[in-house]
Amino acid sequence: MSGFCVVAWGECGLNRGMTREYVVHGVGGGMPLRIDYAAELNPQQLAAVTAPPGPALVLAGAGSGKTRTLTYRVAYLIERGVSPERLLLLTFTNKAAREMMGRVTELVGSEPSRLWGGTFHSIGARVLRSHAELLGYRPDFTILDREDSEALLKVCVGAAGIDTKSVPFPKVEVVADLISRGTNERVGIGTLLERRRTGFEGMRGEIERVAALYAARKQAANVMDFDDLLALWLRLMDEIAEVRERYQRRFEFVMVDEYQDTNQIQSDLIDRLVGAHRHLMVVGDDSQSIYSWRGANFRNILDFPKRYPGAAIFKIETNYRSTPEILAVANAAIAANTEQFAKQLVAARKSGMKPALVPCEDAHQQAGFVAQRVVELHEEGIGLGGMAVLYRSHFHALEVQMEFTRRGIPFVITSGIRFFEQAHIKDVTAWLKWTANPADELSFKRMVLLLPGIGPRAGEKLWAAFGAAHERAKAEAGGDTAAVAPSLVAAGASAPRKSAPAWAQLTATIAQLEDPGVFGRPADMIRLVLEAFYEDYAEDTFANAAQRLEELNQLATYAGQFASLTDFLTQLSLLNNMEAEAEQRADQDDEDRVRLSTVHQAKGLEFDVVFAIMLGEGLFPSGRSLEDASAIEEERRLFYVTVTRAKDELYLCYPLLRFTQAQGMQRLMPSRFLDEIRSDLLEVWNLRSSGLSAGAWAVPGLGGGQADGKGEDPF
DNA sequence: GTTAGGGACGCCGGT
DNA sequence: CGTCCCTAAC
């Protein structure tokens with residue numbers, strides 16, 4: 001060995017007196033740090049990046065280089081001699097994980113392949129694959145999406161003998177939510193019921209019984225839902241000392257991004273992962289906590305210093321992203337919130353355009369304005385990829401979508417319907433899921449219900465018949481690995497007579513899928529299902545069969561990059577549409593399209609120009625939050641996130657009228673968040689009420705329009 | 001027992 | 001506007 005460098009860190013933090021040595025192989029002794037940290041980071045960032053081991057809280061305001069700090073921290077640790085496999089980098093979204101890993105790769109020069117980085121859920125899946133047996137699962141478990149888990153839960157409500165018609169019982173969605181919240185917040189269902197006062201307090205016992213049945217069913221089917229990826233991971237760490245010690249030893253440095261979005265189970269997981277060594281760095285911004293509805297508790301970040309006594313605290317407050325004008329609006333927007341760390345974002349950039357306040361008559365005029373302005377800005381040389389339209393809810397984008405389509409403005413939308421949750425995608429993947437995990441009852445039923453003449457009833461019978469046949473086959477084979485196709489043939493005896501030809505086709509297809517030459521190659525498996533069965537089925541079933549088949553072909557192409565079936569299926573379950581798309585075209589940068597996105601999905605992104613639309617009371621803040629002070633505070637944080645996405649230009653738009661099918665045309669109050677901004681921080685742009693054409697509005701400072709009606713009260 | 005068609009209803013957000 | 005549930009016909 002040519003040499004190794006030893007890094008000793010002692011005398012620091014709570015590890016006073018404890019000296020650790022890290023060895024990196026294959027580099028010359030005493031290798032100097034390749035990256036000039038002091039030159040590439042500001043003093044606040046540098047302090048965090050070079051922080052001594054031990055607990056550290058980094059409070060990084062919007063646009064202050066949070067990701068930069070975290071990636072440099074990883075690079076720094078690696079350069080200091082910490083082996084990449086000793087690091088764990090947890091993020092909240094797949095997007096953040098991908099970005100972070102990409103930047104680390106760039107910085108360090110080559111991909112630190114043994115560095116573990118990803119979302120809590122994906123890391124959980126990874127850990128559980130290795131230890132599933134310890135929890136009564138097999139390593140080939142499949143993952144339920146929301147739809148699947150609600151379907152299973154529905155079965156459990158029935159199995160619990162609850163007659164939902166004669167007894168008032170919450171809907172499955174509500175039961176699912178209760179179970180999920182209970183898991184994520186680590187509280188009992190009774191507590192949740194009392195907290196919500198929904199009137200179902202008396203149903204506590206029944207709901208708990210359903211929850212227990214649901215857990216048992218999942219285990220029997222060898223499937224996990226999203227929450228299990230966290231809950232079972234934590235159980236593993238809590239109950240099995242060997243596993244706990246193994247991961248605590250392995251991950252000597254744990255880093256967590258977006259810590260303000262962690263919920264109880266996630267912060268417990270973090271505690272369990274770092275154990276006694278406490279080399280934990282968490283990064284976040286309490287003002288950007290926007291996931292309380294799924295149990296995120298920004299108290300986690302507020303209380304971090306209490307939870308980890310002696311934690312070093314770093315504040316990074318220089319904002320490099322936005323103009324001072326935009327930052328002033330951001331600071332004004334968040335000021336009304338009472339519960340937050342005091343912090344002051346300091347602008348680093350020079351002055352720019354004052355953010356625009358754009359009252360519109362209705363959503364249609366608003367869409368016209370956005371489209372028109374996009375075209376103008378594009379002509380001024382701003383790339384379409386640098387522009388975004390942000391909104392509270394998916395359906396707010398409808399008019400803008402139509403207007404962009406009409407005018408031929410290229411855009412990408414983070415669609416409300418998830419690609420992987422569409423019927424045709426789920427139909428085909430059910431075949432793959434079931435061959436990967438023949439215990440998966442839901443996938444089996446989805447698959448067989450596609451056949452003509454087979455409904456829920458026949459599906460149930462076939463499932464039972466298959467189970468019996470397969471048990472026999474396994475016993476005869478003397479193991480656990482009998483092929484499933486022969487058992488399917490046997491089960492076919494209980495299929496309705498008229499479905500016999502289809503059943504023969506299905507068993508033949510499954511036999512082919514099981515063939516070692518095909519099994520485990522997801523792209524080939526998808527194509528096989530398409531050819532053998534689904535193309536015909538789609539033609540007969542869907543009006544837009546051609547489009548759906550095209551999407552399935554795309555799915556096959558996407559699947560081509562996966563070496564194993566399990567990897568592919570896991571990825572399918574954990575990635576949403578947009579992320580999969582982003583992965584697919586990661587190398588092409590033909591991204592010259594305006595982005596239409598919910599604020600939630602735009603978190604962590606930045607754009608030259610941001611159009612925030614539908615800023616009306618009941619839309620943003622959403623109607624459901626109006627009665628609840630803490631919900632309003634969360635909406636306000638969401639608004640803060642919206643504003644801080646903008647680098648150069650920000651347009652705050654709202655319609656004065658809103659059409660709902662329930663109440664027809666209604667007057668809409670502008671969002672309270674707009675009222676909270678001092679009026680001199682914004683420039684009012686008045687659109688002509690007669691509709692839109694080029695230059696139809698006052699464009700302060702751009703000379704593009706006439707200043708007619710400027711300053712006029714829009715009401 | 002299955003499927004097709006009509007009527008009611010809801011509509012935040014994401015792993 | 002689409003989904004879901006219920007009912008009536010195949």
Side-chain angles (χ1 to χ4, degrees), chain A residues 90-97 118-125 143-147 149-151 154 164-165 171-173 177 180 183-184 224-231 233 258 261-263 265-266 289-296 390-398 401-402 414-418 420-423 449-461 495-499 540-541 570-580 597-604 614 618-626 628 631 634-635 637-638 641-642 658-663:
Chain A
L90 289 167
T91 65
F92 195 69
T93 63
N94 294 295
K95 192 172 59 201
T119 63
F120 283 90
H121 291 85
S122 68
I123 299 288
I143 299 168
L144 300 179
D145 63 21
R146 201 241 226 64
E147 207 180 62
S149 64
E150 280 176 10
K154 201 170 188 173
T164 53
K165 284 193 187 102
K171 288 184 182 170
V172 271
E173 295 83 21
D177 187 53
S180 179
T183 305
N184 281 291
M224 296 185 191
D225 64 19
F226 282 126
D227 297 332
D228 288 329
L229 298 177
L230 305 182
W233 181 16
E258 308 276 20
D261 285 329
T262 53
N263 55 32
I265 198 169
Q266 287 166 327
S289 173
I290 57 174
Y291 286 102
S292 75
W293 47 272
R294 50 164 299 296
L390 304 183
Y391 37 85
R392 177 68 181 86
S393 314
H394 287 297
F395 71 94
H396 293 167
L398 199 72
Q401 231 176 304
M402 294 195 303
T414 61
S415 111
I417 322 135
R418 297 177 206 211
F420 296 136
E421 290 181 7
Q422 292 180 86
L449 282 173
L450 298 173
L451 305 185
I454 296 178
R457 208 85 180 206
E460 188 63 52
K461 275 192 199 163
R497 199 146 290 142
K498 82 171 184 187
S499 66
D540 295 341
T541 311
T570 304
Q571 196 76 340
L572 267 199
S573 307
L574 297 179
L575 278 193
N576 67 33
N577 180 19
M578 183 189 61
E579 284 155 348
S597 171
T598 62
V599 182
H600 281 95
Q601 287 185 320
K603 183 137 184 250
M614 294 293 192
L619 298 176
F620 197 166
S622 84
R624 292 196 182 194
S625 65
L626 297 177
D628 177 349
E634 172 138 328
E635 296 285 308
R637 291 192 291 270
L638 194 58
V641 170
T642 313
R658 175 201 184 197
F659 184 80
T660 57
Q661 71 273 46
Q663 285 142 319

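Below, chains carry the letters A, B, ... as their sequence lines are ordered, and counting in each starts from 1. Please read all numbers here as calculations on a predicted model, not as lab measurements.
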Practice task
Fit a plane to each ring of A:Phe92 and A:Tyr291, take the angle between them on a 0 to 90° scale, and name the class: parallel (under 30°), tilted (30 to 60°) or perpendicular (over 60°).
Solution key: tilted
Fill in the blank from the handout: Rounded to whole Å, OH of A:Tyr391 lies from C1' of B:dG13 at a distance of 12 Å
Exercise for the section: With heavy atoms under 4.0 Å as the rule, sort A:Gly623 into base, sugar-phosphate or nothing. Expected result: nothing
Practice task
Determine, answering yes or no, if A:Tyr291 is stacked on B:dG13 under the 5.5 Å centre rule and the 30° plane rule.
Solution key: no
Exercise for the section: Whole angstrom is fine here: how far is it from CG in A:Asp227 over to C1' in B:dT15? Expected result: 9 Å
Practice task
Considering just the side-chain nitrogens and oxygens of A:Lys603, establish if one lies under 4.0 Å of OP1 or OP2 belonging to B:dT15.
Solution key: no
Practice task
Let me know the distance between CZ of A:Arg392 and C1' of B:dG14, rounded to the nearest Å.
Solution key: 12 Å
Handout entry: Toward the 5' end of DNA chain B, by each residue's nearest nucleotide, A:Ile454 or A:Thr598
Key = A:Ile454
Problem - Spacing of the C1' atoms in C:dC5 and B:dC12 (rounded, Å) - result: 24 Å
Handout entry: Spacing of A:Gln601 atom CD relative to B:dG13 atom C1', expressed in whole Å
Key = 9 Å
Handout entry: Selected nucleotide, minimal atom distance to A:Phe226 side chain, candidates B:dC12, B:dG14, B:dT15
Key = B:dT15
Completion exercise
Rounded to the nearest 0.5 angstrom, the CG-OG1 distance for A:Leu450 and A:Thr541 is 8.0 Å
Practice task
Using only side-chain N and O atoms of A:His394, determine if any of them is under 4.0 Å from OP1 or OP2 of B:dC11.
Solution key: no
Problem - Along DNA chain B (nearest heavy atom to each residue), the more 5'-positioned of A:Ser622 and A:Phe92 - result: A:Ser622
Fill in the blank from the handout: Ranking B:dC12, B:dG14, C:dC5 by distance to the side chain of A:Lys154, first place goes to C:dC5
Exercise for the section: Give one of base, sugar-phosphate or nothing for A:Arg457, where a contact means two heavy atoms less than 4.0 Å apart. Expected result: sugar-phosphate
Problem - Distance in angstrom units between A:Arg624 CZ and B:dG10 C1', rounded - result: 9 Å
Problem - Side-chain N or O of A:His396 closer than 4.0 Å to phosphate OP1/OP2 of B:dG13 - result: no
Exercise for the section: Provide, to the nearest angstrom, the distance between the CG atom belonging to A:Asn184 and the P atom belonging to B:dG13. Expected result: 18 Å
Exercise for the section: Using side-chain hydrogen bond (donor to acceptor under 3.5 Å, both in side chains) as the criterion, list what pairs up with A:Asn184, not counting sequence neighbours. Expected result: A:Ser180, A:Asp227, A:Asn263
Fill in the blank from the handout: Taken in chain and number order and not counting sequence neighbours, the residues that satisfy side-chain hydrogen bond (donor to acceptor under 3.5 Å, both in side chains) with A:Thr119 are A:Ser122
Completion exercise
Here the distance between atom C1' of B:dG13 and atom CG of A:Asp261, to the nearest Å, is 11 Å
Practice task
Give the minimum heavy-atom separation between A:Val172 and A:Glu150, together with the two atoms involved.
Solution key: CG1-O, 4.2 Å
Practice task
Measure distances between side-chain N and O atoms of A:Arg146 and base N and O atoms of B:dG14, and say whether any donor-acceptor pair falls under 3.5 Å.
Solution key: yes
Handout entry: Length of the line joining A:Ile123:CD1 and B:dT15:P, which is rounded to integer Å
Key = 15 Å
